Amino acid sequence: MTHPFAERLMAWYRRHARPLPWRNTRNPYYIWLSEIILQQTRVVQGQDYYLKFIETFPDVFALAKADEQQVLRLWQGLGYYTRARNLHYTAQYIATELNGKFPDTYQQLLQLRGVGKYTAAAIASFAFEEPVAVVDGNVYRVLARYFGEETDIASPKAYATFFALAQSLLPADQSATFNQAMMEFGAMQCVPVSPKCMFCPFQLECVAFATGRQAQLPVKQKKTKVRPRYFHYVVLRSEEGDVWLKPRTSNDIWKGLFDFYLVEGENEVVMESALLNDPLISSLRKEGTEESLSKQYVHILSHQKIYARFHTFVASGSLIERLVEKNAPGLRKIAADELTAYPLPVLIDKYLKETHF
DNA sequence: CAGTCGTGGGA
DNA sequence: TTCCCAAGACT
């Protein structure tokens, strides 16, 4: 009764599946962890993080017992840090409220923080063989091309359209294999640029191939606009080897991570006066503190382009403490050799490495 | 709905 | 250089 498409897809999968570490298990904790890591993230980038996480936190209780800061530090460099904070929150919820028993249905999984429709379907099918189709970027692409489906995948209603398609193809008794196969096929064969149509098992029926529209499908309208930001960081270093960090708590980029005291301006012109007017910088200069300025760093995020410079001030710890208390409450004094315990944005980590901190 | 949340890699 | 985008979720 299996749909011919599904049959051929799974045959392809049996020959071409990569041996990924999270494919050897039905443990929902491992599958959940891998799926959160892989959201908007390439396998090559996520794999080492997955291995680090299961080694450090072998079960949901271990993850629940950790500090959020430790989880974020392990996540450092992966981006979209809300994923890590939700991961930790959900681990604590499962460990304490559910006594460690993982939710085992699509609907219940959907209630977990950080678990949306895709991830709930992935866990439900991979761990519990529930017949619910996954729809991720790969699935959009494969189905849009195969069926010539032109719905804009950036519109929220597209999910329902493609879910219905995927669900109609899914064999109820092999949902795990089918879902894995759909994504693997999209990732390895029906790739975004230059898909391997010459060796494709669906060449005869694929609408995109027949009409030469592989490059036009799937349709995606939304284009992200990038906002420039101008950062001037104040790096406070004491002669005793301490450094002052700033926890990022607001709903901005890098929430939950640490950076330095920051002066930000709309543009470079505004920046100049902002620096002169800043109370902490003024007081440091008034004290004649040794100062140096770094090169400009350019750091690209999905919606922002950050131009950053680092102003380093070196002084005695007591002087810095006095000025910080008066002008920059909220900074945290850290021994330089304890920086490895703090989750830092890649921009900050790169600066620290380049200046041999 | 439309915008926002990182980072790295490939064309 | 610039653009796209990668096993999305949340507001």
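Since the structure is predicted, the reported quantities are computational estimates derived from the model, not experimental observations.
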Rounding to the closest angstrom, what is the interatomic distance between C:dA6 and B:dC1 at atom C1'?
->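 Rounded to whole Å, the distance is 23 Å.
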
Taking atom C1' in both C:dC5 and B:dG6, compute the distance separating them and give it to the nearest angstrom.
->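 So the two C1' atoms sit 13 Å from each other.
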
Between A:R23 and A:E184, is there a side-chain N and carboxylate O pair less than 4.0 Å apart?
->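 A salt bridge links A:R23 with A:E184.
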
Answer yes or no: does a side-chain N or O of A:W254 lie under 4.0 Å from OP1 or OP2 of B:dT7?
->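 The answer is yes; a side-chain N or O of A:W254 sits under 4.0 Å from OP1 or OP2.
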
How long is the line joining [atom1] of [X] and [atom2] of [N], in whole Å?
X	N	atom1	atom2	result
A:I300	B:dG6	CD1	P	14 Å
A:K196	B:dG10	NZ	P	13 Å
A:I253	B:dC5	CD1	P	7 Å

If you walk 5' to 3' along DNA chain C, what is the first nucleotide with an atom under 4.0 Å of a heavy atom in chain A, and what is the last?
->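 The protein-touched segment is C:dC5 to C:dC10.
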
Find the distance between CD1 (A:I348) and CG (A:D259) and round it off to the nearest 0.5 Å.
->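 Reported value, rounded in 0.5 Å steps: 5.0 Å.
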
Which heavy atom in A:P103 sits nearest to a heavy atom in A:F128, and how many Å separate them?
->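 Reported closest heavy-atom pair: O-CE1, 3.5 Å.
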
Stepwise, does the ring pair (Phe, Tyr, Trp, His ring centres under 6.0 Å) test hold for A:W244 with A:Y261?
-> CA-CA 8 Å; A:W244 277 257; A:Y261 180 85; over 10 Å; no

Result block: side-chain N/O donor-acceptor pairs under 3.5 angstrom for residues 158-173 of chain A, not counting sequence neighbours:
residue : atom : partner : partner atom : Å
A:Q167  : OE1  : A:A133  : N            : 2.8
A:Q167  : NE2  : A:P131  : O            : 2.8
A:S168  : OG   : A:L165  : O            : 2.6

Toward the 5' end of DNA chain C, by each residue's nearest nucleotide, A:Q45 or A:L110 |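 Looking at the nearest nucleotide for each, A:Q45 comes out on the 5' side.
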
